[in-house]
Amino acid sequence: MIAPPTPSATAALPSSSDLVEDVLERWPPTISVFLKHRMACPGCPMARFQTIAEVADDYGLDTDALLDEFARAIAAEG
């Protein structure tokens, strides 16, 4: 039987249910990913209300692919 991920393990990277504002504050390297996709999330007043999944849908992006890009940007910053 596979154990579910622990909260500490899942908190190490952004998730689809995280608010955009929280992601930007906790993981500043993700800003470059938002800008790469021409997403207005950094500085947008709606960032405090919308989740990563919602903005990915708004911009026609695959949520899992976007999360992978966030993870790579965070890892690159060390």
Side-chain angles (χ1 to χ4, degrees):
M1 175 181 245
I2 298 172
T6 62
S8 62
T10 58
L13 292 171
S15 74
S16 61
S17 62
D18 287 337
L19 293 173
V20 171
E21 181 177 71
D22 294 340
V23 171
L24 291 167
E25 286 180 11
R26 183 163 181 195
W27 296 284
T30 60
I31 293 171
S32 64
V33 177
F34 285 104
L35 297 178
K36 172 186 165 194
H37 290 287
R38 300 182 182 265
M39 301 169 82
C41 300
C44 176
M46 293 301 292
R48 71 178 72 170
F49 304 108
Q50 290 192 294
T51 66
I52 295 302
E54 291 169 334
V55 296
D57 186 55
D58 288 349
Y59 283 88
L61 301 171
D62 179 83
T63 302
D64 290 334
L66 185 61
L67 291 171
D68 287 344
E69 287 189 60
F70 288 156
R72 286 194 300 273
I74 292 166
E77 289 289 320

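Only this structure's heavy atoms are used, side chains among them; waters, hydrogens and symmetry mates stay out.
Cluster partners of Met46 are Phe49, counting Ile, Leu, Val, Met, Phe, Trp and Tyr whose side-chain heavy atoms approach within less than 4.5 Å, directly or via other members.
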Q.
Between Met39 and Val20, does the side chain to side chain contact (heavy atoms under 4.5 Å, CB included) criterion hold? Intermediate values first, please.
A. CA-CA 11 Å; Met39 301 169 82; Val20 171; over 6 Å; no
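Contact detail for Cys44 and Ala40: the closest heavy-atom pair is CB-O, 3.2 Å. Considering every non-hydrogen atom in both Pro14 and Ile74, the closest pair reads CD-CD1, 3.5 Å. Nearest heavy-atom pair across Cys41 and Leu24 is O-CD1, 3.9 Å. Heavy-atom minimum distance, Ala53 versus Thr63: CA-OG1, 3.9 Å. Closest heavy-atom contact between Ala12 and Trp27: O-NE1, 3.5 Å.
Residues passing the salt bridge (Lys or Arg N to Asp or Glu O under 4.0 Å) test with Glu69, sequence neighbours excluded: Lys36.
With rounding to the nearest 0.5 Å, the separation of CG in Leu66 from OG in Ser16 is 10.5 Å.
The shortest distance between side-chain heavy atoms of Ile52 and Leu67 falls below 4.5 Å. Between Asp18 and Arg26, the closest side-chain pair of non-hydrogen atoms is not below 4.5 Å.
Judged by distance alone, the side chain of Asp57 and the main-chain N or O of Glu54 form no donor-acceptor pair under 3.5 Å.
Grouping the Ile, Leu, Val, Met, Phe, Trp and Tyr side chains by contacts below 4.5 angstrom, directly or via other members, places Ile31 apart from Leu19.
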